[in-house]
Structures are given as structure tokens and as C-alpha cells.
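Working notes, beginning with the structure itself.
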Amino acid sequence: WGAIGHETVGYVAMKFLSPKALSFVQSSLGLEYSESLGPAAPWADDVRYEAAFSWSAPFHFVDAEDNPPTSCSVEQMRDCSSGTCILSAIANYTTRVVDTSLSTEQRQEALKFIDHFIGDIGQPLHVEAVEVGGNDISAVCNGERTNLHACTIDSGIINIFLKAQYSNSAIVWANALSQRIQTGDFKSLTSTWLSCSSTAEPVNNRRRSIEDDINGLVSDATITPLECPLVWARESNAYDCSFVFIDTGFSDLCTSSYATGAQPIIEEQIAKQGYRLAAWLNVLFDGST
Ligand code: DCM
Ligand code: DCM
Ligand code: ZN
Ligand code: ZN
């Protein structure tokens, strides 16, 4: 996602935090980020081109070696065996954000990475290897030459409906999505959205738990992906087979029926990842969603 998509994920999450999670978020982010996951969410993209953070660039995606639109899948051994993808990044920062042996600054950094990566994992082209997640597929959006990744899902289509329907404001958009979660058409979906919310690894894959880390019981630094990020990645990757790559043959993707088809998917993915971000932090800081 571009900055708007990330901010909206963060603002949605702010509406659903439990007391201790909210209190950590506010004190950790401080006035620099208006004590909010909204303004803090784009930080990881702002730093990824800086030399000091170049190691974090591969953490924004997982290159799923599937074959859309015929066949979609994400496999951690096939697609993230090096441990440098968004699946292992979420595991790493989930451990670090609650690690009281780390500095305030390191825990804030971990929170900003979680804020960002739980957003990115919901973008179908961030869980796809084909043409570098669509970056190498040229496309036109609103008259400008760009690529499928940027133009369609990251920001091109969002920019158009944000202006037309949400006063060009991430806060206005986030309020609308939060309302749909609280009382609207998303309400009945929320329990499914949280069907995976444990911050632990699956039992058959357990090497260590967050509690082990806190207690210093395991020193192995290898980052094993957690169960839920894999569930979320598979869910957004499925859109590569059901929509994203199905019919891209429009002269302008952002002003055609491609955009009207993409909007409901984008809005649900942003709302859902915001809601999941809150639930994730609630489990970490308050013990339940
Ligand atoms: N870092 C990280 N994940 C780890 C260890 C370190 O993201 N598991 C980050 C935190 C700092 C940088 O790497 O930005 C350097 O950390 P350190 O000084 O702990 O090596
Ligand atoms: N990206 C991706 N998958 C890749 C490479 C990049 O999803 N294999 C994402 C990260 C950015 C965007 O595409 O959101 C542009 O990346 P870059 O600036 O590294 O070209
Ligand atoms: Zn992107
Ligand atoms: Zn990103």
C-alpha cells in the first residue's frame, strides 16, 4: 500500500484497541506520531531506501512462487526459506514489541514495523512473485504510465475513490470503515476475520513462544513464521487468482471496470487488516482480542 492505505489501516486499528494496548501505543509513539498508529504506519516505507534500513526492504512482501490466476498459494518453506520475508518479519517484531529487555526506541521501531507489515500482508501483490509483485507489468492509471502494482492496488485506485467518496482523507475513510465494522456490512465478518488471532506459532511448528523469549529460555535467533500471518497471506494471495490477474486488459485500469471491481476488495482488505492489527496488539498487551 501507499501511505494513505497504511495510515487508514492504522486509524482503523486505533478504534479497536484494548486499554493496555492503547496505552502502550500512545506512550510508545508519543507526540511525534500524535500517539496514533495512523501517522506511524508509513514510517517503514519512508526508511526502506535509507542505507541504514536497506535490510528491511524484503520484509515488505513474500514472493509466492505460485501461478496466478490458475493456481494461488503461499508456502513458507518454498517462499520464505531465507527467513527474510513479511512472514518472518511479523514474527520477529511481534517478539520484539513485547521484549522488555529492549530499549524504548527498539520497541517503538518494532511497533511501527508491525503497524506497517500487518497492512502490507493484506495487499494481494505483496504476496505474489509474478513480475516482482506486478511491479514489472506496465499499466496506465488515470492517464499516467505506471505499473500494475502501484497503479492498481497500492495507491492508484485508492487515490481516485478517496477523492470522490472520502474527502481525500485517510481519517474520513478509516471512520467509514470502522463504522462498517461496528454496525454495518462488515460486522458479521469480524469473527471470521479473527478466526486466527493467536500470536504463537502452530503447535506442530513450535520452537519457542513469546513467553520463552521474555523469560530468555531460548536464544536461537532464527525467526520462524507464525501461524496467523500465513493465514492472512494466503487469503490476500487468493485475490491474485480471483481478481487481480484475471483481466488486466483495460487501456486505463484506474478509470475502468477494473477499478470498480478492485474497490470493494481494497476496502475490505484495509478494514480487515486494521481490525486484525488491533486484535494482534490486544492479544500481546491485554491477553485477548
Ligand atoms: N533488529 C531487528 N531485528 C532483530 C535484531 C535487530 O530488526 N532481530 C534491528 C534493530 C535495529 C538494528 O536491527 O534497527 C540493529 O539492531 P542491533 O543493534 O540490536 O543489532
Ligand atoms: N514489492 C513487492 N514484491 C516484490 C518487490 C517489491 O510487493 N518482490 C513491493 C514493495 C513496494 C513496491 O513493490 O510496495 C515497490 O517496490 P520497490 O520500490 O522495491 O520497487
Ligand atoms: Zn506495494
Ligand atoms: Zn511496505
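Atoms within each ligand, like the ligands themselves, are counted from 1 in listed order.
Remark: side-chain polar atoms of His116 are not paired, donor with acceptor, to backbone N or O of Trp43 under 3.5 angstrom.
Per-residue contacts place Asn92 under 4.0 angstrom from the following atoms of ligand 1 (heavy atoms of the residue considered): 2 (C), 3 (N), 4 (C), 7 (O), 8 (N).
Disulfide check for Cys141/Cys254 passes, with the SG atoms closer than 2.5 Å. Between Cys72 and Cys241, the SG-SG separation falls below 2.5 Å.
Take the N/O/S atoms of His60: the one nearest the Zn ion (ligand 4) is ND1. Residue-level check: among N/O/S atoms of Asp120, OD2 sits closest to the Zn ion (ligand 4).
In the candidate list Glu109, Gln106, Glu105, Gln106 is nearest to atom 18 (O) of ligand 1, counting heavy atoms.
Judged by a 6.0 Å distance limit and a 45° cone about the ring axis, Arg48 is not positioned over the six-membered ring of Phe53.
Between Glu235 and Lys272, at least one side-chain N (NZ, or NE/NH1/NH2) sits under 4.0 Å from a carboxylate O, which counts as a salt bridge.
Ring centroid separation for the pair Phe161 and Trp173 comes in under the 6.0 Å cut-off. Residues Phe113 and Phe117 bring their aromatic ring centres within 6.0 Å.
Note on His116: counted as a metal contact of the Zn ion (ligand 4), an N/O/S atom lying under 2.8 Å. Among the backbone and side-chain atoms of His126, no N/O/S atom is found under 2.8 Å from the Zn ion (ligand 4).
Vertex the Zn ion (ligand 3); arms to His149 atom NE2 and Asp154 atom OD2; angle 90° (nearest 10°).
When heavy-atom distances to ligand 1 are checked against a 4.0 Å cut-off, Tyr93 comes that close only through its side chain, counted from C-beta outward.
At a 4.0 Å cut-off, at least one heavy atom of Trp55 sits close enough to ligand 1 to count as contact.
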